[in-house]
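See below for the structure under consideration.
All figures in this text were calculated on a predicted structure; none of them were measured in a lab. Note on naming: letters A, B, ... go to the chains in the order of the sequence lines (proteins, then strands), and numbering restarts at 1 for each one.
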Amino acid sequence: MFALVDGNNFYASVERVWQPELRGKPVIVLSNNDGCAIARSQEAKALGIKMGQPLHQIPPEVRRQLHVRSANFALYGDMSARVVAVLRDLFPAVEVYSIDESFCDLAGVGDRLALAAHARSRILQWVGVPCCVGIGVTKTLAKAANKLAKSTVDGVVEIVDPLEQLREFPVDDVWGVGPRFAARLGAEGILTAADLIRADAETLRARYGVVLARTQLELRGTPCMELEEAEADRQQIVVSRSFGSEVTAREDLAQSVATFAARACEKLRARSLQAGGLWVWLNTNPFREGAAQYHPSRSIAFPVSTTDTRQLLGVARAMVDSMWRPGYRYKKAGVGLLDLSRGSVAQGDLFAGADVRVTPLMEVLDQANRRFGRGAVGFASATSRRGPAPAWGMKQSSLSQAFTTRWDQLLRVK
DNA sequence: TCTGGGGTCCTAGGACCC
DNA sequence: TCTGGGGTCCTAGGACCC
């Protein structure tokens, strides 16, 4: 038995915790570069703002009524950890599924609805974020119950009779049914979750594969997924960004890639992993009609896995040089670390000894940055915290304070 | 007429999630 | 003018093995 606890309009709700003047107002939070709406308060939804809608496509008269914020992931991540801390206090086991959702184990819990209501009110009181709770015998049913809970007053729903309770539940709201499957299912008359439950299992399996077959089983009440408390090791780490403005100079492009690569290496070491390969790509702006498009990509496998930022920076630079062509206006670049492994299963190099200085050097680097703030010590080819903002830097015109993660940005109470 | 059978690994593409 | 970022899994087909 699972409970899915989900923060309502999470990013918008977090902004409101620290800026009470936003309560009751239409609030949207934008993606990086202030591009699209990625979170909307109820009031903003009521104005017709769609998920993922580009800001520039919102009519000016609607736009004027909105309170807009740039994405502040440092703040959302910290507030998410607070929610999880409350859940771990209340439930026997918790799986953090995403920044705003956790599955909680209800095995052995007597009064499930009471516990769910208690979790909800404690999170609201201690963290300040409104949540809903969905309960079901499978994760997929808990997800569906959570969706139903969003439109109830007390914010808690348990699914006990899927066929009845999901009679009018749109099939594309089912976890695991995306836009492609929904269109195909709709074409054969499967429009609701109840329709999907009743569909012939063999036919479904043949036409849509094992993933959707499992979804159907879960909707029927047969668990196919367990609670996964321990996070599995990453298979890849990707850092990519669209640029605030288009880039034409090779050095600007190289600097952006170096900055992303250095960040990716920090994430790599923070998870005690090492990279067996590197992938770098560049993109022009696909939305610019008529502009020449170019999206090159290079990848390489290393003879020996590494955690050395210097090595990665060198290879990444060579890749940028081999891909860069004059005359294109670059809009985005990315770096991926591939074939990740734990340090304990290192494959040695038959011909070259390992450089024993790398690990201590990187540790010192990471320690300094933990203590003095990210970017306190870095590499000349990447951007630095004190240097000028790069030409390609992200646009964040409405960024709120890092209220909970930076001493110099704490909330002031007069 | 008649072209083996069984297996692994890799990659690209497609689907999904938040 | 302006359009996000970071992940996973499955499947089909090709290359290659004995």
Show the distances under 3.5 angstrom between N or O atoms of the protein and N or O atoms of nucleotides 9-12 of chain B.
none

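- For the residue pair A:Y328 and A:Q293, no side-chain donor N or O sits within less than 3.5 Å of a side-chain acceptor on the partner.
- In this structure, A:Q53 reaches neither bases nor backbone, as no heavy-atom distance under 4.0 Å exists between it and the strands shown.
- One can place CD of A:E231 at 16 Å from P of C:dG6, the figure rounded to the nearest angstrom.
- A:F2 and A:F103 have perpendicular rings, their planes meeting at more than 60° on a 0 to 90° scale where under 30° would count as parallel.
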Listed pairs, N/O of protein and of nucleotides 2-4 of chain C, under 3.5 Å:
unit_1, atom_1, unit_2, atom_2, d
C:dT3, OP1, A:K331, NZ, 3.4
C:dG4, O4', A:S31, OG, 3.0

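- Within residues 201-219 of chain A, the residues that place at least one heavy atom under 4.0 Å from DNA chain C are, in residue-number order, A:V210, A:V211, A:R214.
- The nearest whole Å value for the distance from the OH atom in A:Y76 to the C1' atom in B:dC18 is 15 Å.
- Put simply, CD1 on A:I237 and CZ on A:R263 are 9.5 Å apart, with the number rounded to the nearest 0.5 Å.
- Look at the C1' atom in both C:dG4 and B:dC17: the space between them is 15 Å, to the nearest Å.
- Distance CD (A:E101) to C1' (C:dG7): 14 Å, rounded to an integer number of Å.
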With Watson-Crick and G-U wobble geometry limited to distances under 3.5 Å, how should the secondary structure of DNA chain C be encoded in dot-bracket form, using | for bases paired to another strand and [ ] for crossing pairs? ....||||||||||||||
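- Distance check, rounded to the nearest 0.5 Å: OG1 of A:T383 to CG of A:D252 gives 11.5 Å.
- Atoms CG and SG, from A:L30 and A:C36 in turn, are 8.5 Å apart once rounded to the nearest 0.5 Å.
- In this structure, A:I237 reaches the sugar-phosphate backbone alone: every heavy-atom distance under 4.0 Å involves primed, P, OP1 or OP2 atoms, never a base.
- A:Q235 has its CD atom 11 Å from the P atom of C:dG7, to the nearest Å.
- If you measure from atom CD of A:E228 to atom P of C:dG7, you get 17 Å, rounded to the nearest angstrom.
- Within 6.0 Å of the CZ atom in A:R180, the count of heavy atoms belonging to other residues, nucleotides or ligands does not exceed 12.
- The distance between atom CG of A:N146 and atom P of B:dC17, rounded to the nearest whole Å, is 15 Å.
- At a threshold of 4.0 angstrom between heavy atoms, the contacts of A:P179 are confined to the sugar-phosphate backbone, with no base atom among them.
- Taking CZ of A:R184 as the reference point, atom CG of A:L212 lies at 9.0 Å (rounded to 0.5 Å).
- A:S98 and A:D100 are linked by a side-chain donor-acceptor pair at a separation below 3.5 angstrom, with hydrogens and angles left out of the test.
- The backbone N or O of A:V160 sits less than 3.5 Å from a side-chain atom of A:Q165, completing a donor-acceptor pair.
- In this model, no donor atom of one side chain and acceptor atom of the other lie less than 3.5 Å apart for A:S70 and A:Q396.
- Only one option out of A:R250, A:H295, A:M323, A:R325 pairs with A:Y330 in a side chain to side chain contact (heavy atoms under 4.5 Å, CB included); it is A:R325.
- Contacts of A:K143 with the nucleic acid, taken as non-hydrogen atoms under 4.0 Å apart, involve only primed sugar atoms and P, OP1 or OP2.
- Residue A:R234 has a polar side-chain atom (N or O) positioned under 4.0 Å from OP1 or OP2 of C:dG7.
- Taking the side chain as every heavy atom from C-beta outward, A:S322 and A:R298 approach each other to under 4.5 Å.
- Using a distance-only test at 3.5 Å, with no hydrogens or angles considered, a donor-acceptor pair links the side chain of A:R120 to the main chain of A:C131.
- Between the side chain of A:N146 and the backbone N or O of A:L4 there is at least one donor-acceptor pair closer than 3.5 Å.
- DNA chain B lies under 4.0 Å from at least one heavy atom of each of the following residues of residues 171-178 of chain A: A:V174, A:W175, A:G176, A:V177, A:G178.
- If you take CD of A:Q236 and P of B:dC17, they are 18 Å apart, rounded to a whole angstrom.
- If you measure from atom CD1 of A:I99 to atom C1' of B:dC18, you get 10 Å, rounded to the nearest angstrom.
- For the side-chain hydrogen bond (donor to acceptor under 3.5 Å, both in side chains) criterion with A:R269, the lone passing option out of A:T359, A:T307, A:T309 is A:T309.
- When ring centroids are compared, A:F260 and A:W279 stay outside the 6.0 Å threshold.
- Partners of A:D6 according to the side-chain hydrogen bond (donor to acceptor under 3.5 Å, both in side chains) rule, which considers only residues two or more places apart in sequence or in another chain, are A:K150.
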